[in-house]
Amino acid sequence: MEILKIFRDEAERLLKSAGYPGKVEEAREEFGDFTFPCFPLAKERRKSPIDIAREIAENIEKSDYFENIESVAGYVNFRISPKKLAKITLNAVLEGRIFEFEKKEKVIVEHTSANPTGPLHVGRTRNSLIGDSMGRILRRYGHEVEIHYFVNDVGKQVAMLLWGVKNIRIEEDNEREDYRYVKYYQAAYKEAEKDPELEKKVQDIIWRYERGDPELRELAKKYVGGIMRGIIESLRRINIEFDEFVWESSLVDKAREILPLLRDYISEEDGAYYADLKKLGIEGKEKLYLYRSDGTTLYPLRDIAYHLYKAERAKKNIDVLGEDHKLHFEAIKRLLQIIKPDAELYALFYSFVKLPEGKMSTRQGRVVYLDDLVNEAMEKVREIIKDRGYGEEELERITQMVAVGAIRFHILNVQEEKPMTFRWENALSFEGESGPFIQYTYARASSILRKVSWSGEFDASQISHPQETRLLKLLAKYPDVIRDAATRLSPYLVAKYAYTLAAQFNQFYRDCPVIKAEKGVREFRFALVKAFKEVIKDLLNLLGIEAPEKM
RNA sequence: GGGCGCGUGGCCUAGCAUGGAUAGGGCGCUGGCCUUCUAAGUCAGUGAUCGCGGGUUCAAAUCCCGCCGCGCCCGCCA
């Protein structure tokens, strides 16, 4: 239910009946809510914009949707009636209608899909958080959403890991599996630097693994499976879960089957096959190899097989991908659509999280692991709330919520394609534009409602304070924000809005006493606080952040 | 070299898709506000040639062209 559209439509209806049909725009607050710039009309009407605006304002019909319509410097400004707004908005929120969107289609969101060669680091986590939040937003928007992780157990990286497991002896301690096994991977790469022959041995592992070599499958089950368990555990700590894990090795046969379907676009070279991207209208690369001359498949082919698998299950597919995948994605999409022309495939690209000293790399051990970030954040939160008289269990619970809130918000609050540099002091900031700020605001609202008993009745005409109106106007934007985030595939829009809304509530909180307000006003404010609480809780949920009643 | 993305106060960031009225926030720094619903809050001050140069327009951070800087991609890796 889009609330502002009701007012926008009314403004445009009034303009039309005044003889000046057109679109209104959002106005800066000091001028009103909607504005109609008259400059473009000046030429055709042979009048100055100022006169046109004045004429409209003088002749326009009155409406109880607007408390004021006036002309200022060539603009016609409309100011929404607070009473009308309060009535529509509060009812929409409190009856839950504001959260309802049209039922849409099935969507698969694939995210993270990190190589299972070691623990998850913060660089990769941006992918996970964007994907997870995107999934939540699409679900809220009415889609039936399924979240996928594509487990890359076939490629060279995993072959390196397995080579390491077989050939390098490492003292294992009691660390979690992902931390234990990554050492084989790192050691194998060190070995590869010294020994150029290793490349061949790894190719042999790839070949045998693809053909289902039992010993290698067994090893992969233990080591790749173990690392995956670690990654899943790390992600679970920050509220991320998946509906389906698709193992790449399970798609090798399917990958071989689809090769002939692409035959018109494929050429052979020494027994290897590649797609001619130029012929497909894709710039940046000529030959995309799909099949090695030794008879093993290459990642692009397996990826097409996977996308075909997904396209058969859902009309719409969204991949969350690092910026390095742009060309690959274009190619995959074209090739997929040759096989299945009605497949709808979209990508949500993001830039890497770097360290001040450069790109994160598991191979080189230059990383900040997600678990370390979570641990640090928890320690810092614990330090802040340890003397607030919470019981042990509650303290741990709040600590966890706030720490995760800080991390998730920090990463989600930036436009996805903007490069990010990880800095501890920023990631662990709990003040200002941060997750804990919003959670704290939620706790304040909860605290008010906890202290009163209220029948649920209220009178919207009791609206009296500008801060009440401001808060309502922002609440009324909720449906537009969700629609934008869902259609533009941009979770950060939700993060920005959540912060703005919380900040607005804090101003209301400062200026408008609720519990001590006189009868009538008090009930109206209860309703407003309750509405804010509902909406901000939903927004936090879309960001994967829990809303603490106390903190 | 070609392609894609990013460039906004000391630092981080919104606005750019759909051009409009003094470019919003946050961090930092300075100074206020707890006898009233949680001070993880709030108020005031500080600080911006919107990378550079042209063009289009009544109007450009926003659109177009050229250039510069940074990142990413251009592999029988994934």
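In what follows, chains carry the letters A, B, and so on, assigned in the order in which the sequence lines appear, proteins first and then strands, with residues in each chain numbered from 1.
Nucleotide B/rA39 holds its P atom 15 Å from the CD1 atom of A/I384, rounded to whole Å. Nucleotide B/rC76 holds its P atom 12 Å from the CD atom of A/E199, rounded to whole Å. One interatomic measurement links the two molecules: CG of A/D324 to P of B/rG5, which rounds to 15 Å at whole-angstrom precision. Note: OH (A/Y189) to P (B/rC77) measures 11 Å, nearest angstrom. Counting to the nearest Å, the C1' atom of B/rC58 and the CZ atom of A/R46 are 16 Å from each other. In this entry the distance linking NZ of A/K47 with C1' of B/rC58 reads 18 Å, nearest Å. Rounded to whole Å, atom C1' of B/rC77 lies 8 Å from atom CG of A/L298. The distance between atom CD1 of A/I438 and atom P of B/rU42, rounded to the nearest whole Å, is 12 Å.
Within 4.0 Å of A/K287, counting heavy atoms only, lies no atom of the nucleic acid at all. A/V452 comes within 4.0 angstrom of nothing in the nucleic acid, heavy atoms only. Counting non-hydrogen atoms under 4.0 angstrom, A/C38 reaches nothing in the nucleic acid. Residue contacts for A/Q439: at a heavy-atom cut-off of 4.0 Å it reaches no nucleic acid atom on any strand shown. Nucleic acid contact for A/R525: none, since no nucleic acid atom lies under 4.0 Å from a heavy atom of the residue. Looking at heavy-atom distances under 4.0 Å, A/N426 makes no contact with the nucleic acid at all. Looking at heavy-atom distances under 4.0 Å, A/Y509 makes contact with a base. Here A/I385 lies in heavy-atom contact (under 4.0 Å) with a base.
Across all strands shown, B/rU36 has no partner, as no Watson-Crick or G-U wobble contact with both distances under 3.5 Å is found. Under the Watson-Crick and G-U wobble criteria, each requiring two contacts below 3.5 Å, nucleotide B/rG47 is left unpaired. Of the nucleotides present, none pairs with B/rG19 by Watson-Crick or G-U wobble criteria with both distances under 3.5 Å. Summarising the base pairing, B/rG1 is matched to B/rC74 through a Watson-Crick or G-U wobble pair whose two defining distances lie under 3.5 Å. Figure legend. B/rC27 is base-paired to B/rG10; pairs are counted as Watson-Crick or G-U wobble with both atom distances under 3.5 Å.
For B/rU36, the OP1/OP2 oxygens have no side-chain nitrogen or oxygen of A/R510 closer than 4.0 Å. In this structure, A/N506 does not reach the B/rG41 phosphate: none of its side-chain N or O atoms is under 4.0 Å from OP1 or OP2. Between A/R444 and B/rA40 there is no side-chain polar atom (N or O) within less than 4.0 angstrom of OP1 or OP2.
With hydrogens and angles left out, the side-chain atoms of A/N77 and A/T35 include a donor and acceptor closer than 3.5 Å. Between the side chains of A/Y390 and A/E396, not a single donor N or O lies within less than 3.5 Å of an accepting N or O. Side-chain polar atoms of A/R256 and A/Y291 form a donor-acceptor pair below 3.5 angstrom.
Annotation: B/rG9 and B/rG26 have their C1' atoms spaced 13 Å apart (nearest Å). Remark: the separation of the C1' atoms in B/rA14 and B/rA61 is 12 Å, to the nearest Å. The separation of B/rU49 from B/rC34, taken at their C1' atoms, amounts to 43 Å, rounded to a whole angstrom.
With respect to A/K278 and A/E283, no salt bridge is recorded, no charged nitrogen being found less than 4.0 Å from a carboxylate O. Under a 4.0 Å N-O distance rule, the pair A/K201/A/D204 does not qualify as a salt bridge. Of the charged side-chain nitrogens involved, none lies within less than 4.0 Å of a carboxylate oxygen, so that A/E523 and A/K530 do not count as a salt-bridged pair.
Side-chain proximity of A/K326 to B/rG41, B/rC76, B/rC4: nearest is B/rC4. With B/rA40, B/rG26, B/rC74 as the choices, the nucleotide that has an atom nearest any side-chain atom of A/L327 turns out to be B/rC74. Minimum atom distance to the side chain of A/E431 is reached by B/rC27, of the listed B/rU42, B/rA39, B/rC27. Closest to the side chain of A/K285, out of B/rC77, B/rC74, B/rC73, is B/rC74.
Of the residues A/Y499, A/F430, A/F505, the one that meets the ring-ring contact (aromatic ring centres under 6.0 Å, His included) test with A/F437 is A/Y499.
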(message) Between A/E323 and A/K326, is the salt bridge (Lys or Arg N to Asp or Glu O under 4.0 Å) condition met? List the steps.
(response) CA-CA 6 Å; A/E323 57 185 342; A/K326 283 187 178 179; 5.7 Å; no
(message) Please determine whether side-chain hydrogen bond (donor to acceptor under 3.5 Å, both in side chains) holds for the pair A/H307 and A/D319, giving the CA-CA distance in whole Å, both sets of side-chain angles, and the decisive distance to 0.1 Å.
(response) CA-CA 10 Å; A/H307 280 85; A/D319 294 356; 2.5 Å; yes
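Annotation: cation-pi pair A/K477/A/Y497 absent, no NZ/CZ under 6.0 Å from the ring centroid and within 45° of its normal.
Nearest-nucleotide positions on RNA chain B for A/S429 and A/D294 put A/S429 closer to the 5' end. Taking for each of A/H325 and A/K516 the nucleotide of RNA chain B with the nearest heavy atom, the 5'-most of the two is the partner of A/K516.
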(message) How would you summarise protein contacts on nucleotides 13-21 of chain B per nucleotide, using B for base, S for sugar-phosphate only and - for none, with heavy-atom distances below 4.0 Å?
(response) SSS-B--BB
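Glycosidic torsion of B/rC64 falls outside 90° of 0, placing the base in anti.
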